[in-house]
There are 2 protein chains.
Amino acid sequence: MVDLCASVDRPFPQPTGQDRYTISEVARHTGLSVHTLRWYERIGLMPHVDRSHTGQRRYHNHDLEWLAFVGKLRLTGMAVADMVRYADLLREGDHTYPERLALLVATREDVVRRVAELQSTLSVLDFKIGIYAETPPAASGGEELPA
Amino acid sequence: MVDLCASVDRPFPQPTGQDRYTISEVARHTGLSVHTLRWYERIGLMPHVDRSHTGQRRYHNHDLEWLAFVGKLRLTGMAVADMVRYADLLREGDHTYPERLALLVATREDVVRRVAELQSTLSVLDFKIGIYAETPPAASGGEELPA
DNA sequence: GTCTTGCCTGGAGCCCACTCCAACGTTCTA
DNA sequence: TAGAACGTTGGAGTGGGCTCCAGGCAAGAC
């Protein structure tokens, strides 16, 4: 892809909106470390990041969007290997469409299940917290157990 | 604590309800591996498990209850180290009451935050899945990106 | 007796997702 | 021209949460 903004190779800070970011800017923006950004690239989770004429990474807005999506997948608890799989499928083209959809649907089901699990832990926690709230510190009533 | 069921040292399977379980029975019951059960004990997450006269572990119902609670904490995503901390606090007695309560409340807040995060990933997933559902495989319309 | 099954122990090993390191290059500021 | 600040690489290290292993004991079945 031709870089339309290459006239000035602006080397430093840059308040966003320029579609040409250094690795540390992206780190600040995404909350990922520069280590992690480079690692994502090495393992194939981040496709072909553009480089400046001196070989430094220059991220574009579409890279930030991809990273945002990856961030969401990370929040779902999806394994990094599976995200790499998804990225691979995208690269491979249209015929991988069913597998990609299946991956997303499976992930969605996972998330729904995990939400339910968390809700169940919430009721246990609320029950315990309720006991603590009712019971004066001295008289430990319905307590768990440790000897 | 005196073991009221010790007359017969029943060596094998045992359908639950006897308040005297071998490690493999507990593993089956909890879904944890025997390795993990021993490991929990080593790191102080499991207090003083009773032993048979030959030195084998004999779990009681209160141990199963504790393990069930630990299982819930595990589902919350609480670190094992924090669970150990909680177990330690219980052992230390009533004066640790405020810290225990604080731990549970903090965990609860964590869970609530995680549920919100998961809900937000759900809407992203649904959006993507929607795109896949609308778009015929051939014409990949609003796709993410990988080059 | 010996075979099998189940249990014991301490310590090593494994997988995941980073995280850091050494050695070096590039560019801006003074 | 020097120094600071940022960037590059491949490979090693870290921490969490298990997981496995070797070597051995105990007890029922044949």
Side-chain angles (χ1 to χ4, degrees), chain A residues 6-14 18 20-46 48-60 63 67 70-87 110, chain B residues 6 8-14 20-46 48-59 63 67 70-87 107 110:
Chain A
S7 51
V8 180
D9 199 316
R10 209 191 279 81
F12 256 53
Q14 190 173 357
Q18 280 301 322
R20 193 158 176 76
Y21 315 97
T22 65
I23 196 168
S24 58
E25 287 171 320
V26 174
R28 264 197 302 283
H29 179 75
T30 59
L32 297 166
S33 72
V34 295
H35 301 297
T36 302
L37 286 170
R38 287 196 273 252
W39 179 66
Y40 276 7
E41 215 175 315
R42 265 196 278 182
I43 64 174
L45 182 50
M46 191 70 215
H48 304 92
V49 175
D50 193 23
R51 299 289 177 131
S52 74
H53 70 95
T54 60
Q56 298 193 349
R57 286 169 183 82
R58 291 295 177 264
Y59 292 81
H60 297 291
D63 294 314
L67 283 171
V70 165
K72 286 294 179 189
L73 291 185
R74 213 163 47 112
L75 284 182
T76 68
M78 185 190 261
V80 169
D82 289 340
M83 301 184 215
V84 171
R85 176 89 192 115
Y86 187 83
D110 251 43
Chain B
V8 180
D9 199 316
R10 210 192 278 80
F12 256 51
Q14 188 174 354
R20 192 158 175 77
Y21 314 98
T22 66
I23 195 167
S24 59
E25 287 171 322
V26 174
R28 264 196 303 283
H29 178 76
T30 60
L32 298 165
S33 72
V34 295
H35 301 296
T36 301
L37 286 169
R38 287 195 273 251
W39 180 65
Y40 276 6
E41 215 175 316
R42 266 197 278 182
I43 64 175
L45 182 50
M46 192 68 214
H48 305 92
V49 175
D50 192 24
R51 300 288 177 130
S52 74
H53 70 97
T54 60
Q56 299 193 350
R57 287 170 183 81
R58 289 297 176 262
Y59 293 80
D63 294 314
L67 283 171
V70 165
K72 287 294 179 188
L73 291 184
R74 212 162 49 111
L75 284 181
T76 68
M78 186 190 259
V80 168
D82 288 340
M83 300 184 216
V84 171
R85 175 91 192 114
Y86 187 84
T107 301
D110 252 42

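Chain naming here is simple, since letters A, B, ... match the order of the sequence lines and numbering starts at 1 in each.
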Checklist entry - Of all of residues 35-45 of chain B, which get a heavy atom below 4.0 angstrom from DNA chain C, listed by number? => result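 Correct list: B/Arg38, B/Arg42.
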
Checklist outcome for this item: Per side-chain contact (heavy atoms from CB on, under 4.5 Å), A/Thr22 is matched among A/Arg58, A/Gln56, A/Arg28 by A/Arg58

Item to check | Value rounded to 0.5 Å, distance of NE2 in A/His35 from OH in A/Tyr40 | outcome: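 Those atoms lie 14.0 Å apart.
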
Rounded to whole angstrom units, what separation is found between the [atom1] atom of [X] and the [atom2] atom of [N]?
| X | N | atom1 | atom2 | answer |
| --- | --- | --- | --- | --- |
| B/Met78 | D/dG17 | CE | P | 11 Å |
| B/Tyr59 | C/dC8 | OH | P | 7 Å |
| A/Ile23 | D/dT9 | CD1 | P | 8 Å |
| A/Asp50 | D/dT8 | CG | P | 12 Å |
| A/Tyr21 | D/dG7 | OH | P | 15 Å |
| B/Glu25 | C/dG6 | CD | C1' | 11 Å |
| B/Leu32 | D/dC20 | CG | P | 14 Å |
| A/His53 | D/dT8 | NE2 | C1' | 14 Å |

Item to check | Sequence-distant partners of A/Thr36, side-chain hydrogen bond (donor to acceptor under 3.5 Å, both in side chains), two or more places apart | outcome: A/Ser33

Next on the checklist: List the residues meeting side-chain hydrogen bond (donor to acceptor under 3.5 Å, both in side chains) with A/Arg42, not counting sequence neighbours, and say none if there are none.
Outcome noted: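 If we apply the side-chain hydrogen bond (donor to acceptor under 3.5 Å, both in side chains) test to A/Arg42, skipping adjacent residues, there are no hits.
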
Next on the checklist: Listing request: all salt bridge (Lys or Arg N to Asp or Glu O under 4.0 Å) pairs with a residue in residues 70-87 of chain B, at least two apart in sequence or in separate chains.
Outcome noted: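 Qualifying pairs: B/Arg85-B/Glu99.
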
Item to check | Stepwise side-chain contact (heavy atoms from CB on, under 4.5 Å) check, B/Asp63 with B/Met46 | outcome: CA-CA 8 Å; B/Asp63 294 314; B/Met46 192 68 214; 3.6 Å; yes

Item to check | B/Arg38: partners by side-chain contact (heavy atoms from CB on, under 4.5 Å), with sequence neighbours left out | outcome: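 side-chain contact (heavy atoms from CB on, under 4.5 Å) list for B/Arg38, sorted by chain: B/Ile23, B/Val34, B/Arg57.
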
Item to check | B/Thr30: side-chain contact (heavy atoms from CB on, under 4.5 Å) partners, not counting sequence neighbours | outcome: B/Val26, B/Leu32, B/Leu67

Any side-chain N or O of [X] under 4.0 Å from OP1/OP2 of [N]?
| X | N | result |
| --- | --- | --- |
| B/Arg74 | D/dC18 | yes |
| B/Thr22 | C/dC7 | yes |
| B/Thr54 | D/dA27 | no |
| B/Arg51 | C/dT9 | yes |

Next on the checklist: Closest-nucleotide mapping onto DNA chain C: is B/Arg57 or A/Ala79 further toward the 5' terminus? I mean the 5' end.
Outcome noted: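 Between the two, 5'-proximity favours B/Arg57.
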
Distances under 3.5 Å between nitrogen or oxygen atoms of protein and nucleotides 2-4 of chain D:
none

Checklist entry - With a 4.5 Å heavy-atom cut-off, do A/Arg20 and A/His60 have their side chains touching? => result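 Yes, their side chains come closer than 4.5 Å.
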
